Amino acid sequence: MDTRPVDHTTTDRRLGRLPSGSPVHATVHQYAGGEGPSVYVQAAQHGIELNGPAALRRLHGRLCDTAIAGTVVVVPLVNPLAFDHRSYVASASLDAFNPNLNRVWPGDADGTLQERMAANLWSLVTDADAVVDLHTGTADMLEHVRYAADDGVARSIARAFGTEYLLADPGPDDGEDHAGKLRTAAARASLPAITVELSNSRTVAHEAIEAGVSGVTNVLRELDVLADAPADPSGGVTLDGDTEPTTATTSGLFETRPDVAVGDDVTAGEELGTLYCPSSFDHLATVTAETDGVVYSLTREGIVVAGERLAGVAPRR
Ligand SMILES: [Zn+2]
């Protein structure tokens, strides 16, 4: 390995323009060492997902102080539109057609504001040999990493990241649900990519930050950017990511079954909770697991509208 002390530079990258004429910027950090692979890491596509940027700030201190082979490109905050509004997605007033940045990759230079932002960042993605997209789930989602099951490198960096649960997705051309996600677009461009769901969106949570720092560090070790070997990822549970989430068949107030929690094994048809009408008290629906498997997400944000995701259950592989 050709490790050399890191040369760190930052660039203020103009991603787009607001109606007022104010620019939309993202800061791009580049950590350059000796000859080696290039890794692209981004966080905060969704504005309430704070543990990614917090983890990358800590990683910055470590990378600046070390020797690496290759280049690490980090965009800690890719979506200032959502972040500044403390919102999951961008306001419809800025992008009514594509509120969710993680549905527009690889973007469109002539498209809506967020399509243009993605298109601008896409050249950083395609310059890389591997891609890490840091997200944060709700308190009721198991920390996990998603990867394309048929991509050996994606699988190896997903395992190296070190979360207890891995979700193996079908290839990029299967599964409409994944269209426009950075991971899927990267896979279509033959780039190994992982989506990381750290825990606890909306909060800065130290455990999640530590998981993010050690996870990205282990990915860089696995790819031989950092010299030491990744920590042993043994003990991980791989789930089949190609399962439909359980969604609300009608709108109402959702109460989860009191004795079911994320991490539990359930069987197909098993009750996960109940939808009530909060006004008439009518029982509207019993919500059940679609398949045998592990409950990896379960909403406790009780007000739900028809079609909204209530739970994710994935079979063990
Ligand atoms: Zn997200």
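Side-chain atoms are counted along with the backbone in the values below, which use heavy atoms only and exclude waters and symmetry mates. Read the numbers this way: they start at 1 and go in the same order the structure lists the ligands and their atoms. The structure displayed is predicted, hence computed values, not measured ones. For this chain, numbers begin at 1 and follow the sequence in order.
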Colleague: Quick one: name the protein N/O/S atoms under 2.8 Å from the Zn ion (ligand 1), chain by chain.
Modeller: H46 ND1, E49 OE1, E49 OE2, H135 ND1

Colleague: Between Y276 and H283, how do the two ring planes meet: parallel, tilted or perpendicular, split at 30° and 60°?
Modeller: perpendicular

Colleague: For the atom pair NE2 (H144) and OG (S297), what is the distance rounded to the nearest 0.5 Å?
Modeller: 8.0 Å

Colleague: Should E35 and R4 count as an ion pair when the cut-off is N to O under 4.0 Å?
Modeller: no

Colleague: Would you say CD of E207 has more than 12 non-hydrogen atoms from neighbouring residues, nucleotides or ligands within 6.0 angstrom?
Modeller: no

Colleague: Is there a path of hydrophobic side-chain contacts, each under 4.5 Å between heavy atoms of I/L/V/M/F/W/Y residues, joining V125 to V74?
Modeller: no

Colleague: Between R316 and D265, does at least one N-O distance fall below 4.0 Å, as a salt bridge requires?
Modeller: yes

